[in-house]
Amino acid sequence: TLLNVEAKKNVKLRKLPEDEVSSAGQITRNCLEYSRGFTGESDEEIQAWFEKENSSVLVAEAENKLVGVCIVNLYGFN
């Protein structure tokens, strides 16, 4: 386990394909205010992250449904 996070047997982690950008955006909007000031991401914002150099959008899938989103961006390449 990395950072004390255990993988669940029924959850699959994978990179987001472009045809699921809207679903990923909806998941973030469903988490409105779960974290201080978090308002979710629009589909356009998820698309921008998807296309951005040095970033990756990962999703968690359970029972053939998207259940989580993780957006990662690496900095400091200049």
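- Heavy-atom minimum distance, V67 versus I27: N-CD1, 4.0 Å.
- For the pair V69 and A24, the tightest heavy-atom approach, listed with the atom from each and the gap, is CG2-O, 3.7 Å.
- In plain terms, the two heavy atoms of K15 and S56 that are nearest each other are CE-OG, 3.5 Å.
- In this structure, N73 and W49 have side chains that are in contact, with non-hydrogen atoms separated by less than 4.5 Å.
- Between N64 and E61 the shortest side-chain heavy-atom distance falls below 4.5 Å.
- Contact of the V21 side chain with the L16 side chain is registered, since non-hydrogen atoms from C-beta on lie closer than 4.5 Å.
- The nearest pair of heavy atoms linking G25 to I46 is CA-CG1, 3.7 Å.
- Within a 6.0 Å radius of CD in E53, no more than 12 heavy atoms belonging to other residues, nucleotides or ligands are found.
- Checked by atom type and distance alone, the side chain of T28 pairs as donor or acceptor with a backbone atom of E41 at under 3.5 Å.
- Looking at every heavy atom in both residues, E51 comes nearest to E18 through OE2-OE2, 4.2 Å.
- Neither side chain, Q47 nor D43, offers a donor N or O lying under 3.5 Å from an acceptor on the other.
- In this structure, L66 and R14 approach most closely via the heavy-atom pair CD2-NH2, 3.3 Å.
- Distance SG/C31 to CD/Q26: 10.0 Å, rounded to 0.5 Å.
- When hydrophobic clusters are built by joining Ile, Leu, Val, Met, Phe, Trp and Tyr residues whose side-chain heavy atoms come closer than 4.5 Å, directly or via intermediates, V57 is grouped together with Y75.
- In terms of modelled atom types and a separation under 3.5 Å, the side chain of S35 and the main chain of F38 share no donor-acceptor contact.
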